[in-house]
Amino acid sequence: MRRKAAPGVDGKTVASYEQDLEGNLEALRERVQSGRYRPLPVRRTYIAKGDGGQRPLGILALEDKIVQGAIAEVLSAVYEADFLDCSYGFRPGRSAHQALRAVHEAVMTERVNWVFEADIRSFFDSVDHDWLLRMIAHRIADPRVLRLIGQWLRAGVLENGVYADSVEGVPQGAGISPLLANVYLHYTLDLWVAQWSGRHAQGRMRLIRYADDYLLTFERRGDAQRLSNALQARLAKFALRLHEGKTRLIEFGRFAESNRRERGRARPETFDFLGFTHYCGKTREGRFIVQRKTQGKRMIRKLKALRKQMRRRMHWRLRDQRRWLSAVLQGHYGYYGITGNFRWLDRFRREVIKSWRKALRRRSQRTRLTWERFQVLLEVFSLPQPRIVHVWRNR
């Protein structure tokens, strides 16, 4: 358990719970086994989204986190035998970089001419409880587990002291929610796309999904258009719908630039997936290659959040500020440090340095921290240089 995690509606923290850890866990186990365990409502909070909206998060009570974590561990072992290879999100031994690598290899090695970029509107808030329980009952026969999951889904939400029933959706932030989302999309999307491909596709196609973020690659435009029409009806059956502003079909691949040039069109469009913008590029020898760079909106949003935190930390000792910023940069390099993205890593570091200087100048109205003096300071309190962590060789 994360020791600094925010408490739920009961106010219990890890520190207070572990004062009598053995006794508390034994009492919790006895209540779960006897059927007397009842989950508490989820405390609702919000975080900012990239499009300016608010993303609702659910903060569970500590004991609910413990029980959910145990059930999720057991169910994950069961469903790992069922999940398809196209699913990469929240699964043991799988990561977002593997999903990105799958996209890269699909475009570079398969006959990809079209990419269907799709997004499900408010997926976690739209999951139908009845359908989800039916899907789980298809694989899990233990009535105690089914009862627990049903209780968590119907536990309700507490927001600003006001209780509201939860009739649909799964709370983001709950320990079992990623697994439930994978189960829901496994039956709703993954299996259906695999079946549709075998029955109706005339060319090659491929699905790559990370949680509720997914895209499909196609050899033929006709296949993409037919699946797009069928997909809307398929999702509607399970109370889901596509986001009109984030769902589109674009021409992308090895021959996209030459084909568009023959029709008098501009260069191929780009698409975003898991924080990266993918675009058609060329090697030094003039051959086609898929290029990736940090998604601009995400980078801007992260820099804005960093500037706010710098203002709150501007009176810290320089040694502590440098340690904190170094951890931020190392984490950024750890995710965005892939082959071909070095320039954007360096740009992010330069923006962080500019913001740091601006924050230090606000420490006093008399401070005259010129760039020359700041460069001397950076030699003492240096920040990590950009580095490529994930090296992808094109074969």
Side-chain angles (χ1 to χ4, degrees), residues 8-9 28-29 31-44 56-61 63-84 86-87 89-92 120-158 163-195 209 211-212 214 231-242:
V9 296
L28 176 61
R29 184 199 64 81
R31 281 186 283 126
V32 172
Q33 294 289 350
S34 63
R36 294 187 295 109
Y37 163 78
R38 293 293 183 273
L40 295 176
V42 176
R43 184 164 70 87
R44 175 63 56 83
L57 290 182
I59 302 178
L60 275 66
E63 288 192 335
D64 294 336
K65 294 180 182 178
I66 296 173
V67 181
Q68 285 197 16
I71 296 296
E73 186 174 349
V74 175
L75 294 184
S76 177
V78 173
Y79 278 105
E80 273 302 303
D82 295 349
F83 288 154
L84 302 186
C86 62
S87 171
F90 304 109
R91 293 178 58 185
I120 300 176
R121 182 184 291 275
S122 302
F123 167 73
F124 282 90
D125 299 329
S126 304
V127 172
D128 186 274
H129 290 175
D130 293 335
W131 271 115
L132 177 59
L133 291 174
R134 288 175 60 184
M135 293 171 182
I136 296 174
H138 181 72
R139 190 67 168 84
I140 305 299
D142 192 331
R144 296 171 300 175
V145 174
L146 298 176
R147 184 176 64 251
L148 282 174
I149 295 175
Q151 289 177 342
W152 289 325
L153 294 176
R154 296 186 296 267
V157 176
L158 194 66
Y163 174 82
D165 291 328
S166 50
V167 296
E168 62 181 5
V170 292
Q172 297 187 60
I176 203 170
S177 291
L179 176 62
L180 296 181
N182 269 339
V183 171
Y184 201 78
L185 288 173
H186 171 72
Y187 288 101
T188 304
L189 184 67
D190 298 355
L191 292 176
W192 178 80
V193 169
Q195 185 184 67
R209 180 176 67 82
D212 61 324
Y214 68 97
L231 180 60
Q232 296 187 31
R234 173 67 179 180
L235 295 179
K237 179 180 179 181
F238 297 92
L240 302 176
R241 57 196 180 103
L242 294 173

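Bear in mind that the values here come from a model prediction, so they are computed numbers and not experimental data.
- Looking at S166, its side chain does come within 3.5 Å of a backbone N or O of L153 through a donor-acceptor pair.
- Note: Y214 OH to L185 CG = 8.0 Å, rounded to the nearest 0.5 Å.
- In plain terms, the two heavy atoms of R209 and S87 that are nearest each other are NH2-OG, 3.1 Å.
- Within the 3.5 Å criterion, the main-chain N or O of P171 finds a donor-acceptor partner in the side chain of S177.
- Between V183 and L75 there is no side-chain heavy-atom pair separated by less than 4.5 Å.
- Listed for the D64 side chain is a donor-acceptor partner under 3.5 Å among the backbone atoms of L40.
- Atom CZ of R144 sits in a sparse spot, with 12 or fewer heavy atoms from other residues, nucleotides or ligands closer than 6.0 Å.
- Rounding to the nearest 0.5 Å places CG of D130 at 11.0 Å from CE of M135.
- Counting only heavy atoms from C-beta outward, the side chains of I136 and Y79 approach each other to under 4.5 Å.
- Note that the OH atom of Y184 and the CZ atom of F123 stand 7.5 Å from one another [nearest 0.5 Å].
- Other residues, nucleotides and ligands contribute at most 12 non-hydrogen atoms within 6.0 Å of the CD atom of E73.
- Using a 4.5 Å heavy-atom cutoff, the side chains of L235 and R241 are not in contact.
- Within the 4.5 Å cutoff, the side chain of F238 has no heavy atoms near those of the V127 side chain.
- Looking at L240 and L189, their side chains never come closer than 4.5 Å, going by heavy atoms from C-beta outward.
- Note: N182 CG to E80 CD = 8.5 Å, rounded to the nearest 0.5 Å.
- Shortest non-hydrogen contact noted between V42 and I59 is CG1-N, 3.4 Å.
- We find the CG-CD distance between L60 and Q68 to be 4.5 Å, quoted to the nearest 0.5 Å.
- Across all their heavy atoms, F124 and A181 have their closest contact at CE2-CB, 3.8 Å.
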**Report entry** Candidate pair E168 and D128, rule side-chain contact (heavy atoms from CB on, under 4.5 Å), full reasoning
**Finding:** CA-CA 5 Å; E168 62 181 5; D128 186 274; over 6 Å; no

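- Here the shortest heavy-atom pairing between R154 and L133 reads NH1-CD1, 4.2 Å.
- Between the side chain of R36 and the main chain of Q33, no donor-acceptor pair closer than 3.5 Å is present.
- Two residues are said to be in side-chain contact when any heavy atoms from C-beta on lie closer than 4.5 Å; W192 and L231 meet this criterion.
- No side-chain heavy atom of I140 sits less than 4.5 Å from a side-chain heavy atom of I149.
- Scanning all heavy atoms of the two residues, the minimum distance from W131 to K237 falls at NE1-O, 3.5 Å.
- Here the CZ atom belonging to R38 is positioned 14.0 Å from the CD atom belonging to E63, to the nearest 0.5 angstrom.
- When all heavy atoms of G175 and P178 are compared, the pair lying nearest together is O-CD, 3.7 Å.
- Under the 4.5 Å side-chain criterion, counting only non-hydrogen atoms from C-beta, L179 is not in contact with F90.
- Judged by distance alone, with hydrogens and angles left aside, the side-chain atoms of R234 form a donor-acceptor pair with the main-chain N or O of T188 at under 3.5 Å.
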